[in-house]
Protein chains: 2
Amino acid sequence: MRKPREEMIAETKAKLIAAGRQAFGTVGYADASMDDFTAGAGLTRGALYHHFGDKKGLLQAVIREIDAEMTARLNRISAEAPNRWQGFVAECVAYIEMALEPEIQRIMFRDGPAVLGDVSQWQTTSGCIAALSRSIEQLKADGVMADIDTEAAARLINGASSHAALWIAKSDAPEETSRRAVKGFRTLLEGLCVRG
Amino acid sequence: MRKPREEMIAETKAKLIAAGRQAFGTVGYADASMDDFTAGAGLTRGALYHHFGDKKGLLQAVIREIDAEMTARLNRISAEAPNRWQGFVAECVAYIEMALEPEIQRIMFRDGPAVLGDVSQWQTTSGCIAALSRSIEQLKADGVMADIDTEAAARLINGASSHAALWIAKSDAPEETSRRAVKGFRTLLEGLCVRG
DNA sequence: CCACTTACATACGTGGCGTATGTCTATGAG
DNA sequence: CTCATAGACATACGCCACGTATGTAAGTGG
C-alpha cells in the first residue's frame, strides 16, 4: 500500500457525500440530522465538519456530484439524436424527466436553491445550463433557431422544465400530466424554431 | 363596542402575519426566530401556535396574503392593456418584475416551495396561475394563441418567469440582465402567437 | 351569575447545530 | 530508528429554537 492515506480520505469523503445525498434526497435537508446520517456511514459529525466545513458545505458537494451526473446524461442524449434540433428537444424533455426523480427534485430544485441561493449561479457550476447553452448556440449557428439571447433562452427553458417537473410530480395523475406537460413544452420549443 | 372580540382576534392574526412576513422576507424562514418576531409584534409564540398551529401554518397564511396581492396586481395590469395579447405579455413581464422584489422572491419562490412543497398545488390557492390560465384561455378563443394545453402553458410560463427573475436578481448587472431576460421572454411568447 | 370556552402567556423538554478540545495514526527529519 | 508534528477524526459542551403542556384571565351562553 503506497498511499493508503489519501485513499482513505477520499473514501471518507465519498461515504459522507453518499450518506448526505441519501438523507437529503429522502427526508430533505432540514430534517436530515447530521448525527444520524454520519452515524449511518460509520462516522461522526467531526469528520463532516473537518472535510466540508458545515452542513451547507456537504450539500454543495452533493449538488456538484448530482449536477455532474445530470450533465453527462444530457450530453449523451443530445449526442445520440439524429439531428441537432431533435437532440435539443430530447435534451429538454430528458431534463423534465430527470427532474421527476425524487432525489433530483428534492436536492436540486427545492432544498438546494432554498439553502444556498440560486445554485445555477455558482460561477459556472451548473453544467446543465452550460449544456443547454451549447446546444442553443449551435442551433442558432445552424439557422434552425430564432434569434434569441442564448443564456436567456437556456434559463427560461430551464425554468419551464423544472416547474413542469414539479407540476407533474405533485399531480394526482402523473402519467397524464406528464403527457400534457411534454406536449405543451414541445409546442413552446417549436415556437422558437425557424419555419420554412 | 359591539364585537371587540373578533376584531381583536383579527388584529392579532394580522399582526402575526405582518411580523412573520417581515421576518421571512428579510432573514428568511429558517433564520426567523418565532420568539423574536412575535415579540416584535408585542406577542409571544403562544399566540402564533394558537392561531396558526405551527411555524409552517404562519408561512401559509403569509403566502396566501402575498398571492392575493400579486393576483390583484396582475389582473389590473392585463385589464389596462389595449388588447388581449399585449395584456398577456404585459402580465408575464410584470410577473417577472414582481419576482424581483426581495420579499416575493424569498417567500414565494424560495422558502415557500422548499418548506411547503409546490405552493401552486394547494387546491387552487395560486391565484397567479389561475390568472395566467384565464388569459391564455381567452387568447386561444380569440385565435391569437397557438393550440396548447392551457394549464401546461400557464405553468411553463410561470416557471420561466420565476427562474428569469432569480437569474436577474442574482446577477451582477440586474439592469442589463433584466433587459436580456425580458427580450428573450418576449421572443418565447411570440413563438406561441399565431402568425398572419 | 356561573360554568365553560377561548385567547393568549409561561414553563419545560428535546434535539440539532457549531465549536472547542482530545486522541490516534501517518509522515518526515535527523 | 525515533521522535516531533500535522492531519483525520471522535468526544464533549453550550446555545438556541421549536413544539407542547400547562396556567390564567377574559369573554360568552344559559
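Proteins get letters first, then strands, A, B, ... in listed order; numbering begins at 1 in each.
- The cluster map of Ile, Leu, Val, Met, Phe, Trp and Tyr, joined by side-chain heavy atoms under 4.5 Å apart, puts A/Val89 and B/Ile148 in the same cluster.
- Between A/His50 and the phosphate of D/dC9, there is no side-chain N or O to OP1/OP2 separation shorter than 4.0 Å.
- One can place CG of A/Asp54 at 5 Å from P of C/dG18, the figure rounded to the nearest angstrom.
- The separation between A/Met8 atom CE and C/dA26 atom P is 9 Å, rounded to whole Å.
- Comparing atom distances between the B/Thr44 side chain and each of C/dC17, C/dC8, C/dA9 picks out C/dA9 as nearest.
- Residue B/Leu100 is not grouped with residue B/Ile77 when hydrophobic side chains (ILVMFWY) are merged at heavy-atom distances under 4.5 angstrom, including chains of intermediate members.
- Ranking D/dG19, D/dA10, C/dG18 by closeness to the A/Ala47 side chain, first place goes to D/dA10.
- C/dG18 atom C1' lies 12 Å from atom NZ of A/Lys55, rounded to whole Å.
- Here the nucleotide nearest the side chain of A/Arg45, chosen from C/dT19, D/dA10, D/dG19, is C/dT19.
- Among the atoms of the strands shown, none is found under 4.0 Å from any heavy atom of B/Ala39.
- Taking atom CD1 on A/Ile9 and atom C1' on C/dT27, their separation rounds to 12 Å, with Å as the unit.
- Between A/Thr12 and D/dC9 there is a side-chain polar atom (N or O) within less than 4.0 angstrom of OP1 or OP2.
- The CG-P distance, from A/Asp35 to D/dC9, rounds to 17 Å in whole Å.
- Looking at the side chain of B/Tyr49, the nearest of the listed nucleotides C/dA7, D/dC9, D/dG19 is D/dG19.
- Taking atom CG on A/Asp31 and atom C1' on D/dA17, their separation rounds to 14 Å, with Å as the unit.
- Closest to the side chain of B/Leu43, out of C/dG18, C/dC8, D/dC9, is C/dC8.
- Heavy atoms of other residues, nucleotides or ligands lying less than 6.0 angstrom from NZ of A/Lys13 number 12 at most.
- Atom CG in A/Leu16 sits roughly 8 Å away from atom P in D/dC9 (whole-Å rounding).
- Using a 4.0 Å heavy-atom cutoff across all strands shown, A/Ser33 reaches sugar-phosphate atoms only and no base atom.
- Contact annotation: the side chain of A/Phe52 never approaches that of A/Val62 to less than 4.5 Å [non-hydrogen atoms, C-beta and beyond].
- As a whole-Å value, the separation of B/Met34 CE from D/dT20 P is 10 Å.
- Annotation: side chain of B/Met70 is in contact with side chain of B/Met108 (closest heavy-atom distance under 4.5 Å).
- Residue contacts for B/Ala30: at a heavy-atom cut-off of 4.0 Å it reaches no nucleic acid atom on any strand shown.
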